[in-house]
Amino acid sequence: MPSPKPITPAEGTVIVGMSGGVDSAVAALLLRDAGFSVQGLFMSNWDDDDGYCTAAADFQDARRVCEILGLPLHRVSFAKAYRERVFSLFLREYATGRTPNPDVLCNREIKFGICLEYMQRLGADWIATGHYAQVRHGSPCPELLKAADSAKDQSYFLHSVAASALSKTLFPLGQLQKAQVRAMAHAAGLPVFDKPDSTGICFIGERPFQEFLSQHLRTAPGPIETADGRVLGEHAGLALYTLGQRSGLKIGGRAGAAAAPWYVADKVMARNALIVVQDQNHRLLLSDAFSVEQMHWINPGDVADLPLECSVKTRYRQNDLGCVVRAGDDGSWRVALDRPARSVTPGQYAVFYQGARCLGGGIIASRFNSELAPAAGRITYNSLFSVEGS
């Protein structure tokens, strides 16, 4: 894969989104050492002091890094916008039975949306983050590429960022391995060199997830059933489960059932029933096609000639799946997989690639299995389907 064309220091001021972690710290270090005029900006976008959000400690880490590097550090809160543009949709999606990915929305709406605009008002010609991805700048559109470190690649979470934002973005870590990044931080005396990677929901942090959702959603208990209708137990609310889930079901050791794990295979919203199976390759868990809504193509020219043969990820850290993409008559897109895949989940993002280049993606609306009877071939939850870290 050809390396993206480097941007030279003469091309202006860079403001780096400082998370308080090692990745953004090394991104700032590399840009400073390359001769850029660099500033830092720390965002705190969650305003509930509930003991789980680490924004205060993260800011102190970012402040210490900037002091060592000799960089000015700005601080801003987009908490109101985050709740309106990310968290509210996150809750609505869960309420309809889908499983959303807030990190994708956070990148599009906050980090590379209103935060980019704020950085430009501060005088930024470029913005930079510690994401593991690459941008090849050029015309007519910038190209989003996978990172050299395949285990850390975050292009999946960046697929819906506007081309206009990517054209102003630098990813200094795109050609590095994570071990190299930590070694650089250690050599530079940065105190975050061994800080653990952040996990959990973007800006909200790691916390007991079912408990957290239950605080914000109305959930109603209902039956847990096998595919043939046998009741095994009671779930705590359909919104609290996702396809393929095998932990937290509390239905182990049932009489007449094999001593094998149970997997969530479907949700029947009309009956508030959670369907489970014991075979991870059960046909209810498999899909050979699905539909996608709210598609975003980074370069619309990529779909000038259809059908499009490419690859797709239906979840982060999944191997690329061969597929064929066609436009639907209703504004949605139809994706046929080369071979069936497990746990294709409505609400998650399908992200498309040609080799290392990310083409874009959209929200999985419905999943299909051609081996099921025609009436059951389309597996969907309800009619409301219109609706990462660095």
Side-chain angles (χ1 to χ4, degrees), residues 1-2 4-5 85-86 89 93 98 100-113 116 127 129 131-147 153-169 171 174 289-316 318-338 341 344-367 385-388:
M1 169 175 78
K5 177 184 177 225
R85 299 190 188 189
V86 178
L89 179 58
E93 288 282 87
R98 305 216 287 187
N101 190 316
D103 290 347
V104 172
L105 278 175
C106 183
N107 282 329
R108 185 185 73 202
E109 298 293 329
I110 307 299
K111 293 179 182 176
F112 299 88
L116 183 149
I127 72 165
T129 71
H131 284 96
Y132 287 82
Q134 302 184 67
V135 175
R136 182 182 292 131
H137 295 93
S139 59
C141 285
E143 294 181 350
L144 177 63
L145 308 174
K146 292 180 181 179
D153 173 56
Q154 293 173 303
S155 60
Y156 178 93
F157 298 111
L158 297 164
H159 76 270
S160 68
V161 174
S164 59
L166 289 174
S167 70
K168 293 295 184 182
T169 298
F171 294 127
F290 55 90
S291 64
V292 179
E293 297 178 343
Q294 301 179 37
M295 187 75 85
H296 167 74
W297 298 107
I298 296 172
N299 181 355
D302 287 329
V303 289
D305 295 318
L306 294 173
L308 172 67
E309 294 185 7
C310 59
S311 62
V312 64
K313 291 182 187 292
T314 60
R315 61 182 61 227
Y316 183 49
Q318 179 188 60
N319 292 330
D320 290 8
L321 307 171
C323 69
V324 177
V325 182
R326 294 176 172 85
D329 296 332
D330 58 355
S332 66
W333 296 76
R334 302 292 188 263
V335 181
L337 296 171
D338 290 354
V344 175
T345 304
Q348 287 285 298
Y349 287 88
V351 181
F352 300 91
Y353 294 85
Q354 280 188 331
R357 185 162 66 95
C358 179
L359 306 178
I363 299 174
I364 299 170
S366 302
R367 59 192 180 105
F385 282 165
S386 62
V387 182
E388 122 271 47

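Everything quoted here is computed from the prediction, not taken from an experiment.
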Report the distance from atom CZ of Arg85 to atom CD1 of Ile110, rounding to the nearest 0.5 Å.
6.0 Å
Looking only at heavy atoms, the pair that brings Met295 and Gly362 closest together is SD-N, 3.7 Å
Backbone of Ser366 reached by a side-chain donor or acceptor of Ser291 within 3.5 Å
yes
Could you pull out all residues at least two apart from Gln318 that satisfy side chain to side chain donor-acceptor pair (under 3.5 Å)?
Thr314
Between atom CD of Gln348 and atom CD1 of Ile363, what is the distance when rounded to the nearest 0.5 Å?
10.0 Å
Could I get the full list of side chain to side chain donor-acceptor pair (under 3.5 Å) partners for Arg315, not counting sequence neighbours?
Thr345
How far does CG of Leu321 sit from OH of Tyr353, to the nearest 0.5 angstrom?
11.5 Å
Residue set satisfying side chain to side chain contact (heavy atoms under 4.5 Å, CB included) with Pro142, at least two apart, ordered chain then number -> Val135, Ala163, Leu166, Ser167
Using the ring pair (Phe, Tyr, Trp, His ring centres under 6.0 Å) criterion, which residues pair with Tyr349? Sequence neighbours excluded.
His159
Would you compute the distance between atom CD of Glu143 and atom CD of Gln354 and round it to the nearest 0.5 angstrom?
10.0 Å
Shortest non-hydrogen contact between Glu93 and Gly347, atoms and distance
OE2-CA, 4.1 Å
Would you check if the side chain of Gln134 reaches a backbone N or O of Lys146 as a donor-acceptor pair within less than 3.5 Å?
yes
Go through the structure and list residues passing ring pair (Phe, Tyr, Trp, His ring centres under 6.0 Å) with Phe112, not counting sequence neighbours.
His131
By salt bridge (Lys or Arg N to Asp or Glu O under 4.0 Å), which residues pair with Asp330, not counting sequence neighbours?
Arg334
Counterpart residues, side chain to side chain donor-acceptor pair (under 3.5 Å), relative to Lys313 (two or more places apart):
Asp320
Distance (rounded to the nearest 0.5 Å) between Ser155 OG and Phe171 CZ
9.5 Å
Shortest non-hydrogen contact from Ala165 to Thr169?
O-OG1, 2.7 Å
Do Pro100 and Leu89 have side chains that get closer than 4.5 Å, going by heavy atoms?
no
Look only at the side chain of His137 and the backbone of Lys168, and say whether a donor-acceptor pair between them is shorter than 3.5 Å.
no
Does Asn101 reach the side chain of Tyr156, with side-chain heavy atoms less than 4.5 Å apart?
yes
If the condition is side chain to side chain contact (heavy atoms under 4.5 Å, CB included), which residues does Ala327 pass it with, not counting sequence neighbours?
Leu306, Trp333
Looking only at heavy atoms, what is the nearest atom pair of Pro102 and Val86, with distance?
O-CG1, 3.9 Å
With sequence neighbours left out, what residues match Pro307 under side chain to side chain contact (heavy atoms under 4.5 Å, CB included)?
Val324, Arg326
Using only atom types and a distance under 3.5 Å, with no angle test, would you say the side chain of Gln154 pairs donor to acceptor with the backbone of Tyr132?
yes
At what distance, to the nearest 0.5 angstrom, does CG of Leu308 lie from CG of Leu359?
6.5 Å
Shortest non-hydrogen separation from Ile298 to Cys358 and the atoms involved
CD1-O, 3.4 Å
Which residues satisfy the side chain to side chain donor-acceptor pair (under 3.5 Å) test with Glu109, sequence neighbours excluded?
none
Taking every heavy atom of Ala133 against every heavy atom of Ala147, the minimum-distance pair comes out as N-CB, 3.7 Å
Pairs where residues 297-312 contributes a residue and the test salt bridge (Lys or Arg N to Asp or Glu O under 4.0 Å) is met, not counting sequence neighbours
Asp302-Arg357
Can you list everything that forms a side chain to side chain contact (heavy atoms under 4.5 Å, CB included) with Ala350? Sequence neighbours excluded, please.
Phe290, Val292, Val312, Phe352, Ile364
